[in-house]
Protein chains: 2
Amino acid sequence: MATIKDVAQLAGVSVGTVSRVLAKNETVKPRLQEKVEAAVRELRYKPNPVARALRTNRSDIIGLIVPDITNPFFAQLAKQVEMLAAGQGLSVMLANTHDDPAYEKQQIETLLDRSPLGILVVSASEDNAQQLATDIPIVALDRTFVSYPCVATDHEVSASLAALHLLEMGHLRIGYAAGPSETRVARARESGFVAGLTIGGKDLGVKPDLEILRGAFDFTAGEELGRIFLNRPVSQRPTAIATASDQQAIGIMRAARDLKIEVPHELTVVGFDDIPLAVLVTPRLSTIRQSISQMASSALDLLVQSKGIGEDIKYPGRLIVRGSSGPAPVF
Amino acid sequence: MATIKDVAQLAGVSVGTVSRVLAKNETVKPRLQEKVEAAVRELRYKPNPVARALRTNRSDIIGLIVPDITNPFFAQLAKQVEMLAAGQGLSVMLANTHDDPAYEKQQIETLLDRSPLGILVVSASEDNAQQLATDIPIVALDRTFVSYPCVATDHEVSASLAALHLLEMGHLRIGYAAGPSETRVARARESGFVAGLTIGGKDLGVKPDLEILRGAFDFTAGEELGRIFLNRPVSQRPTAIATASDQQAIGIMRAARDLKIEVPHELTVVGFDDIPLAVLVTPRLSTIRQSISQMASSALDLLVQSKGIGEDIKYPGRLIVRGSSGPAPVF
DNA sequence: GTGAAAGCGCTAACAC
DNA sequence: GTGTTAGCGCTTTCAC
């Protein structure tokens, strides 16, 4: 591999000059600049990122810490981050934390040792993580992390979209399958849904009935909640159920099928997340999709510009209407 | 951050000695060794990986190139690789190729510039990729890549497992939904299935009827193939269908439901891959699971030991029997 | 505006 | 056995 020295020699200039034209901005005479560029081309010279990193204490690597890359949401996030990063000549280092705060800390520290340009972390440690002693920019993604700027979905607003959707279709007996109230997201989605219902109801001059049940985010929990919601006389069961996750929603659809309740004619179901499975179930699931590419893009921007203590950024999700939602039945 | 110099000073030795105790194997007098170790602890010294990489031309980074991290199979692979790597103090750089050979080449070269310990690549360029000019070890994962050693599932053997399973349950009219014959895996799975049926049939002294239909790996193709297989008189339709992918299998189950054919009582379905969705459908899907952790582990070993031109390694998949397979119906 | 030279933190000869 | 030292390839003063 050719080094900067070879280039300097071939171009008949000093290494300093080569370095300057590589760094673009400096004031190098056009004549020399051309000679250097010619030499670079001829030798197919590419600066050694490792040497550069040693000298400048900063490499063109972005660290990405996620709980579990196997989770489709994080996988999508990772993909977007990697794509955007690659577009800027940056590489991505991936680390999983398995939702273990101690392991997360270790992973972050290992990464920090490599002097990355910055670190993006989807944190597992809800609150109790201590500030890192580093000047490497860190941005929290999806969930807050210590006091670093956080780029995330506005779960409140997003959930309220589902509420408005139900109201617009005339539903007045509504169920909400919430997530575990220990988690911040679950609480945010729940309160957003409630708020949306309240405000939307006022606007439309109606007063919807709301029943909230809580459970895990998963399929099984959804099925159980579904049975509770639906295993009662028609006049007492909700005509629409929104959930805190698509898995729950799919569980509820399963429960509905078992009880011979037809979706969407007798029951509307709206999920949250838009997981790949959402389009594979019948009917296809209406849901709220987070704006993953926007999040990735903003987070990366924050890092690259290393806007020290930036402000949190929140993006609303988008309502995706599919076959599982329809107008309220008239009994 | 403390440097090796600080440690040397505090321990009252030279940097060379410190470097030696850090490298473990050298012959350093126990007395000095202890002093150095004490100094390391006191200063919380951690060697700078960047400096080390510059000096040795090799870092403790593993490159991982996949077509698309969003694909659950690659995500699982990535997770395993990352976990195993982290256990050895190695970090993982992730890059997506979007199944584009040109982009893949670029991604590999970018990675190569960072002098990684080695690169794991799940290649998109089926055949036509040229050898890389580098002495950094490369191992192909899941699919062959140029002439580098390849760690993959033995698709033939794995598919034959499905065939034997069907025979053991007494099925004699069997359908196989193959993948697109342009892809190597599809061909391997198909021929493995056929071979399994032939050999197994001989062993059991039976001569099963086999009908093969081909289509894309996806859900929709499965549904179409399913309709062709199943939309005929009972006496002429297969009592069991194996597929080249779980998506196809799930499509077939959907087709069966539409035609009021009950799985597994009237029809056995066996997929391939064990995607997360496989346990969410009703009945749950019997399938062949690739041994992802074994693959990841072997591939990593090959890299770390940089067994130059090692041999290809193939692992058989494992049959996972679930609700979608049952004994052949007696008509 | 450009060249010379001093390191970034580390490893690996090479001396002793 | 241990210390000394010469770089790895680059950026960035500091002179001129």
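Residue numbers begin at 1 in each chain, while the letters A, B, ... track the order of the sequences.
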Let me know the distance between [atom1] of [X] and [atom2] of [N], rounded to the nearest Å.
| X | N | atom1 | atom2 | value |
| --- | --- | --- | --- | --- |
| A/Met1 | D/dC8 | CE | C1' | 15 Å |
| B/Leu22 | D/dT2 | CG | C1' | 16 Å |
| B/Lys24 | C/dT11 | NZ | P | 12 Å |
| A/Lys46 | D/dC10 | NZ | C1' | 16 Å |
| B/Asp113 | D/dC10 | CG | C1' | 14 Å |
| A/Lys5 | D/dT11 | NZ | P | 15 Å |
| A/Asn57 | D/dC10 | CG | C1' | 13 Å |
| A/Lys35 | C/dT2 | NZ | P | 11 Å |

*Can you tell me if CD on A/Gln9 sees more than 12 non-hydrogen neighbours from other groups inside 6.0 Å?*
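Incorrect, the count does not exceed 12.
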
At less than 4.0 Å, is any side-chain N or O atom of A/Thr3 found next to OP1 or OP2 of D/dG9? Yes or no.
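The answer is no; no side-chain N or O of A/Thr3 sits under 4.0 Å from OP1 or OP2.
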
* Asked: Does B/Thr56 have a side-chain nitrogen or oxygen under 4.0 Å from the phosphate oxygens OP1 or OP2 of C/dT11?
  ->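 Answer no for this pair, as no side-chain N or O of B/Thr56 is under 4.0 Å from OP1 or OP2.
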
> Among side-chain atoms of B/Ser297 and B/Gln80, is any donor-acceptor pair under 3.5 angstrom?
Replying inline: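 Side chains of B/Ser297 and B/Gln80: no pair found under 3.5 Å.
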
Distance alone, cut at 3.5 Å: any donor-acceptor contact between the side chains of A/Glu104 and A/Ser125?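 On atom types as modelled, these side chains qualify, holding a pair under 3.5 Å.
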
Under the 3.5 Å rule, do the base of D/dG3 and the side chain of B/Arg20 count as making a donor-acceptor pair?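 Counting by modelled atom types and ignoring angles, a donor-acceptor contact under 3.5 Å is found here.
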
By the 4.0 Å heavy-atom rule, please label [X] as base, sugar-phosphate, or nothing.
| X | result |
| --- | --- |
| B/Val13 | sugar-phosphate |
| B/Val15 | base |
| B/Thr17 | sugar-phosphate |
| B/Leu32 | sugar-phosphate |

Practice task
Inspect the contact between B/Asp60 and A/Arg114 and indicate whether a charged nitrogen and a carboxylate oxygen are less than 4.0 angstrom apart.
Solution key: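 Between B/Asp60 and A/Arg114 there is a salt bridge, with a charged N closer than 4.0 Å to a carboxylate O.
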
Checklist entry - Below 4.5 Å, heavy atoms only, C-beta onward: do B/Leu94 and B/Phe74 meet side chain to side chain? => result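 No - every pair of side-chain heavy atoms lies 4.5 Å or more apart.
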
Could you work out which one of [options] sits closest to the side chain of [X]?
| X | options | value |
| --- | --- | --- |
| B/Arg52 | D/dT2, C/dT11, C/dG3 | C/dT11 |
| B/Arg55 | D/dT2, D/dA6, C/dT2 | D/dA6 |
| A/Pro47 | D/dC10, C/dA4, D/dT2 | D/dC10 |
| A/Leu54 | D/dT11, D/dG3, C/dC8 | C/dC8 |
| A/Ala51 | D/dC10, C/dG9, C/dG3 | D/dC10 |

Looking at residues at least two apart in the chain, or sitting in another chain, which of them share a salt bridge (Lys or Arg N to Asp or Glu O under 4.0 Å) with B/Lys314?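 Salt bridge (Lys or Arg N to Asp or Glu O under 4.0 Å) check on B/Lys314 returns nothing, list empty.
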
* Asked: B/Pro30 or A/Tyr45: which one's nearest nucleotide on DNA chain D is closer to the 5' end?
  ->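 Looking at DNA chain D, the more 5' nearest nucleotide goes with B/Pro30.
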
